[in-house]
Amino acid sequence: MSLIRFNPWQSYHKHPFGAVKENGLVRLSIEVIAEDILQVYLVMHKDHQPEQRIFMEKQEEGFYSYEYFFNQGKGLYFYHFEVHTKVNDQVFVEYYGASEQGGEGRLYDEPATIWDFQITCYKEAERTPDWYRNGIFYQIFPDRFFNGNEDKKINSPKPNTFIYATEEDEPLYVKGPNGDILRWDFFGGNLQGIIKKIPYLKELGITGIYLNPIFEACSNHRYDTSDYFKIDPVLGTEEDFKELIDILHINDMHLILDGVFSHVGQNSRYFNANGTYGTHVGAFQNRHSEYFSWFNFINYPNEYESWWGIKDLPEINKHDSEFQKFIFGEENSVLTKWNQLGVDGWRLDVADELPDEFIAGIRKNLNNYEDRVLIGEVWEDASNKVSYDVRREYILGDHLQGVMNYPLRDSAIELLNETSSPEQIAKSLTRLYENYPRDIFYNNLNNIGTHDTERILTMVGNHTKKLDLAFGFMFLSPGVPCIYYGDEAGLTGAKDPENRKFFPWSQIDREIYDNCRKWVEYRNNYEVLIHGDLSFFYTDELFGILRRDKNEYVAVIMNPTNYPKHVNKKLHFIAEETSLTQEVNRRLVGRSIAENSYILISSKEKKEKIERFQMNQEQLQLV
């Protein structure tokens with residue numbers, strides 16, 4: 001039978017690497033070695049369209065090539081290969097497709113079982129402003145950060161809630177027999193508290209803030225919006241918000257808000273189940289309400305579609321033209337109001353629940369303002385995500401400019417807890433890099449923890465050295481790092497509500513803080529960590545990240561194990577071998593790495609050593 005090789009991560013098999021712009025060309029070359037080769041075909045199809053069987057031309061040294069023209073518009077393209085050979089007058093057909101782990105493919109017995117290679121075709125590069133791409137972000141859950149009132153009293157306490165005795169108390173929900181929350185809990189963090197802690201954030205190196213929802217709501221998390229046009233009184237006033245925006249901008253810092261447009265609160269102005277806003281206001285109270293068309297009632301008024309079946313969160317029909325106009329219309333809309341007050345960007349909550357045309361409408365609104373950014377909450381590979389039986393267009397152009405990088409967090413935890421091998425991690429992240437348009441990948445909001453996940457320190461077994469590596473993993477990777485408030489101070493906790501403790505201002509873990517600050521400085525000192533190309537390398541137990549540009553590189557090799565390790569074997573690089581990979585290999589092989597530690601090398605460090613050596617030689621000659 002034949003010897004067949006194809007690896008889309010190697011330039012001699014596929015060029016260029018990764019996603020391709022509309023009307024771009026990609027050269028595909030498969031190596032086939034056999035005694036009697038009849039034909040080699042590239043079998044290509046755009047998503048949900050018929051296959052094309054394309055004859056591949058023989059090149060030198062057993063390669064068969066074809067240059068494919070991506071002229072059918074943006075979307076996903078899938079491909080595999082057919083190899084026809086002849087042995088003793090018998091014709092054989094072999095099918096070659098993608099492997100589960102990515103990189104080099106494998107043979108399949110039947111066409112129906114083939115797993116195709118993927119190429120993402122996008123409309124335009126998603127350029128974002130320098131303040132975002134070069135930034136270091138900090139996510140704040142407002143109620144749990146800092147109370148800026150001098151007397152520490154809570155602004156406008158809500159009815160039927162409770163307030164903690166001290167900021168050190170553990171968060172706790174009071175739930176009824178059916179699991180519904182009976183009393184929301186508040187610590188009293190507010191907008192003035194964020195303003196007063198801007199010096200702390202600047203000292204840490206933060207240049208941007210992503211805020212969990214701040215609009216009026218009943219809960220402490222505020223994903224149950226009551227009024228999109230009002231700041232929640234517990235947080236302060238609109239004047240406080242304007243002051244926050246102004247002070248941030250004076251300090252060259254920026255603000256991204258959380259846009260929750262999939263659902264609203266049961267007791268919101270728009271639904272108003274309990275009649276808070278009046279007996280004739282809202283869809284629940286009045287069939288003739290201006291908001292009635294927003295909701296899908298099954299049996300009016302008590303049965304209605306809700307987000308994931310949670311009755312407290314009536315789901316909105318995002319196809320409703322009046323709701324669309326309300327959220328992103330050019331005049332008097334939610335986005336227009338807050339954009340005109342100076343908001344720098346939006347993070348869309350549960351982007352899976354928002355139709356592509358709805359996201360496109362938001363993007364169109366933001367395009368009316370200079371230097372705005374749109375990020376979406378997507379937990380998986382956003383290039384090929386299917387939700388509600390629809391292949392999503394998140395990152396193909398005119399929609400999201402980036403997504404929250406949860407796969408990065410998953411990979412960091414799997415590496416540090418040794419539940420996946422360094423090779424598996426390197427290949428899974430390279431596959432993500434391959435599937436995303438380059439600018440999207442570099443626009444992703446990287447995280448190792450959010451309000452929806454367990455605290456990263458808890459996930460790595462309360463091990464501060466592993467936490468240090470987790471920070472490194474985030475800051476070394478392409479994308480915009482975003483620290484979840486308190487991770488740099490040593491907060492622990494499982495899922496909600498434990499992951500939403502009040503910031504420990506009097507008990508900041510200085511070792512953890514200093515480690516986090518160190519990675520901030522690395523990113524600021526090495527521009528290649530912002531713009532440089534990416535490749536991974538590994539041994540059986542060690543994991544490496546290489547960031548490279550024309551004349552600069554940074555390479556870090558991590559030991560995620562609990563034992564010291566010696567780099568005694570040649571490193572395996574995902575990228576093809578070059579003089580640079582050879583240099584990194586020479587500089588790292590033979591070195592020892594302490595348990596849960598790392599070695600960082602760079603071209604800058606090497607250059608400084610050469611300059612010191614030359615200076616010493618000149619001094620010797622003078623003597």
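Residue numbers start at 1 and run along the sequence shown.
Residue pairs meeting the salt bridge (Lys or Arg N to Asp or Glu O under 4.0 Å) criterion with at least one partner in residues 519-538, sequence neighbours excluded, are R438-D533, R517-E521.
Side-chain contact between W115 and Y108: present, with at least one pair of heavy atoms (C-beta onward) separated by less than 4.5 Å. Between K385 and D352 the shortest side-chain heavy-atom distance falls below 4.5 Å. By the 4.5 Å heavy-atom criterion applied to side chains, P407 and E380 are not counted as neighbours. Within the 4.5 Å cutoff, the side chain of F78 has heavy atoms near those of the D47 side chain. P560 has its side chain out of reach of Y598: every pair of non-hydrogen atoms, C-beta onward, lies at least 4.5 Å apart. Inter-residue side-chain proximity for E353 and Y388 is flagged as met; some heavy-atom pair is nearer than 4.5 Å.
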Residues F543, Y538; criterion ring pair (Phe, Tyr, Trp, His ring centres under 6.0 Å); working and verdict = CA-CA 5 Å; F543 177 81; Y538 57 88; 8.3 Å; no

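In this model, a donor atom of one side chain and an acceptor atom of the other lie less than 3.5 Å apart for N446 and N405.
Taking the ring centre of F55 as origin, the terminal cationic atom of R53 falls outside the region bounded by 6.0 Å and 45° from the ring axis.
When all heavy atoms of N559 and A594 are compared, the closest pair comes out as ND2-O, 3.1 Å.
Within a 6.0 Å radius of CG in N551, no more than 12 heavy atoms belonging to other residues, nucleotides or ligands are found.
Ring centroid separation for the pair F63 and H13 comes in under the 6.0 Å cut-off.
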